[in-house]
Number of protein chains: 2
Amino acid sequence: MNRVLFRDWQSVRDEVLRRIHARDWKPGELIPNEADLAIEFGCARTTMNRALRSVAETGLLDRRRKAGTRVAVQPVAKATLDIAVMRLEVEDRGQNYSYQLISRSLVVPPDEISQVMKSHTDEKLLHVHALHLADDKPYALEDRWLNLRVVPDARTQSFQTVSANEWLLRNTPYTHGEIEFSATAATPTTASLLACSDQSALFTIDRLTWDKQNDVTKVQLLFAPGHKLQPRL
Amino acid sequence: MNRVLFRDWQSVRDEVLRRIHARDWKPGELIPNEADLAIEFGCARTTMNRALRSVAETGLLDRRRKAGTRVAVQPVAKATLDIAVMRLEVEDRGQNYSYQLISRSLVVPPDEISQVMKSHTDEKLLHVHALHLADDKPYALEDRWLNLRVVPDARTQSFQTVSANEWLLRNTPYTHGEIEFSATAATPTTASLLACSDQSALFTIDRLTWDKQNDVTKVQLLFAPGHKLQPRL
DNA sequence: AATGTTTTTATGTGCATACATAATAAATTG
DNA sequence: CAATTTATTATGTATGCACATAAAAACATT
């Protein structure tokens, strides 16, 4: 019998993780209940609960009332990734960030955009096209649509020095958003802007940001070839 | 003064989120301390703490001892994404999953692989190449290296019907891993296997799985064109 | 056997309290 | 005045206890 006592929930969690990884507790297996484990670990049930809950959040444990706690059979890896402002992302890589506005225009968007953004027919949206650079080399191309009905202040913003990316985060309320990752082939236009060859495979992020019912902005980010995104596990 | 009391930590959290989104509490602003908020919300500090902690986990609040809690200036969006077994991923999309082994061979890996996997010179690794299909159409191409020193049981596995992906998860202990997303252009070989045109932009996932010091497996997944990955925010 | 009802039980959570810890602010010292 | 020490304070967390809740299991009823 293990006589080592575990003081804090982190060390309890670590021991739980060890047992799972070492297959002391095998996939699919039911583990003892909180109360019993708390006694074994020499801590309060509250502490045990916190530890087990945190492991369950990573997907390694499945917990259900009355049914108990069991080791996940197919551990759905829960990867978390931080999506920061472009500038911080570049600076975190130790590179020098710069920004370049390509175009800014008030236009009636193509159908696929107006549908997603629920803009009225013939309603103009602000279209901002810009380039983010790392150490003066193209890093990502930003293609953004802004709904001026929702963000009227954007009308007076030139976006020459501050990217729409950054300005929005600081000035616009929003309630929720959607993100999507994919791979896109470079078109002749995007290729020349990103200084890569036509048809290059580009890592792509599409974002849609909402404030209540209203779509604030829709943006597509095309990253220069070779870009990698590394989530924490 | 708000006389509504909040019973559980979720409703407290929701009200906190509302205040942030409504800019009652503006980015960069210091919010009242836990004890005061607990009184205002009519709950225990423990409950307030749980609520604030859960919001902080999403990146919307920055908390520091003594310094207090403030609304994040650059809300680093913390996206979480579930990386399940390929089969479940396909089935969750309501499609029919199937699997096809392309090749399985014991070979000395190219340098870049043996370096990452820290295999000895001339040491053979198990190389498994397979195709995952959704509704009988190519879904993803799996290119995997297995370290038989670490997973000796893999030697007797044919991987004809059960994918290495699934077999490993069920049978192999591991301590940690790395994931990386990127975009890759299809080569003639991969293009023909994925039934797409040469140079197509393919969404790519690279994974490295470790058990203590030992690399268990290294895998590259090339997804058929059009594949999108959608994290939860 | 099929259906509905009650009991049981493991997790989920709230609360009051106590103390730990990090980091700032204030006080002290050379 | 800069450097160092000390006090203060907001968050972080352990604990015991109580009760809520979901869901399985046992039981009862048709």
Side-chain angles (χ1 to χ4, degrees), chain A residues 2-17 19-20 25-73 75-76 78, chain B residues 2-17 19-20 25-73 75-76 78:
Chain A
N2 196 350
R3 294 271 101 244
V4 181
L5 300 186
F6 297 87
R7 273 161 242 79
D8 50 26
W9 73 269
Q10 287 96 333
S11 64
V12 172
R13 177 204 55 199
D14 290 348
E15 171 62 12
V16 167
L17 285 173
R19 291 187 186 185
I20 295 172
W25 291 336
K26 299 186 182 55
E29 202 175 295
L30 197 67
I31 75 172
N33 70 42
E34 279 185 356
D36 291 349
L37 281 174
I39 294 167
E40 186 193 334
F41 280 77
C43 64
R45 185 168 84 86
T46 322
T47 308
M48 201 65 226
N49 179 281
R50 176 94 191 254
L52 292 176
R53 182 155 45 82
S54 92
V55 176
E57 272 164 12
T58 72
L60 241 56
L61 287 176
D62 279 333
R63 319 195 72 199
R64 271 160 65 218
R65 281 171 165 161
K66 166 80 188 177
T69 303
R70 53 181 70 236
V71 181
V73 184
V76 179
K78 296 251 198 308
Chain B
N2 197 349
R3 291 273 100 244
V4 180
L5 299 186
F6 296 87
R7 271 160 243 76
D8 50 26
W9 72 269
Q10 288 96 334
S11 63
V12 172
R13 176 203 55 199
D14 290 349
E15 171 61 12
V16 168
L17 285 174
R19 291 185 185 187
I20 295 173
W25 292 337
K26 301 186 182 56
E29 203 175 293
L30 197 68
I31 74 172
N33 71 43
E34 277 185 357
D36 291 349
L37 281 175
I39 294 168
E40 186 194 335
F41 280 77
C43 66
R45 185 167 85 87
T46 322
T47 307
M48 201 64 225
N49 179 281
R50 176 94 192 251
L52 291 176
R53 182 156 43 83
S54 91
V55 176
E57 272 165 12
T58 72
L60 243 57
L61 286 177
D62 279 334
R63 320 195 71 200
R64 270 161 64 219
R65 281 173 164 155
K66 164 81 188 178
T69 303
R70 52 182 70 238
V71 181
V73 185
V76 178
K78 296 251 197 308

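Below, chains carry the letters A, B, ... as their sequence lines are ordered, and counting in each starts from 1.
With contacts defined as side-chain heavy-atom distances shorter than 4.5 Å, the pair Met48(A)/Val12(A) qualifies. The side-chain heavy atoms of Glu40(A) and Asp36(A), taken from C-beta on, include no pair separated by under 4.5 Å. In this structure, the side chains of Ile31(B) and Leu52(B) come closer than 4.5 Å at one or more pairs of heavy atoms.
Thr47(B) comes within 4.0 angstrom of sugar-phosphate atoms only, judged by non-hydrogen atoms across all strands, and of no base. Asp8(A) comes within 4.0 angstrom of sugar-phosphate atoms only, judged by non-hydrogen atoms across all strands, and of no base.
Between the P atom of dA20(D) and the CZ atom of Arg65(A) lies a distance of 12 Å, rounded to the nearest Å. The distance from atom CG of Asn33(B) to atom C1' of dT11(D) is 9 Å, rounded to the nearest whole Å. The distance from atom CZ of Phe6(B) to atom P of dT13(C) is 18 Å, rounded to the nearest whole Å. Put simply, CG on Leu30(A) is 15 Å from P on dT9(C), counting in whole angstrom units. When rounded to the nearest whole Å, the span between CG of Leu61(B) and P of dT11(D) equals 11 Å. Distance, Asp62(A) CG to dG12(C) P: 11 Å, rounded to whole Å. In this entry the distance linking CZ of Arg64(B) with C1' of dT13(D) reads 20 Å, nearest Å. Rounded to a whole Å, the CD atom of Glu34(A) is 16 Å from the P atom of dC17(D).
Along DNA chain C, the nucleotide nearest to Ala67(A) and the one nearest to Trp9(B) differ in position, and the one closer to the 5' end is contacted by Ala67(A). Annotation: of the two residues near DNA chain D, Lys66(A) and Arg50(A), the 5′-most nearest-nucleotide partner is Arg50(A).
With 3.5 Å as the limit, one finds a donor-acceptor pair spanning the side chains of Asp8(A) and Ser11(A).
For Arg45(A), no side-chain nitrogen or oxygen approaches OP1 or OP2 of dT15(D) to under 4.0 Å. Contact annotation: Thr46(A) does not reach the phosphate of dT13(C) (side-chain N/O to OP1 or OP2, under 4.0 Å). One finds no side-chain N or O of Gln10(A) lying less than 4.0 angstrom from the OP1 or OP2 phosphate oxygen of dG12(D). At dT11(C), one or more side-chain N or O atoms of Arg63(A) fall inside 4.0 Å of OP1 or OP2 (strictly under the cut-off). The side chain of Asn49(A) places no N or O atom within less than 4.0 Å of a non-bridging phosphate oxygen (OP1 or OP2) of dT11(C).
Under the 4.0 Å criterion applied to side-chain N and carboxylate O atoms, Glu34(B) and Arg63(B) are assigned as salt-bridge partners.
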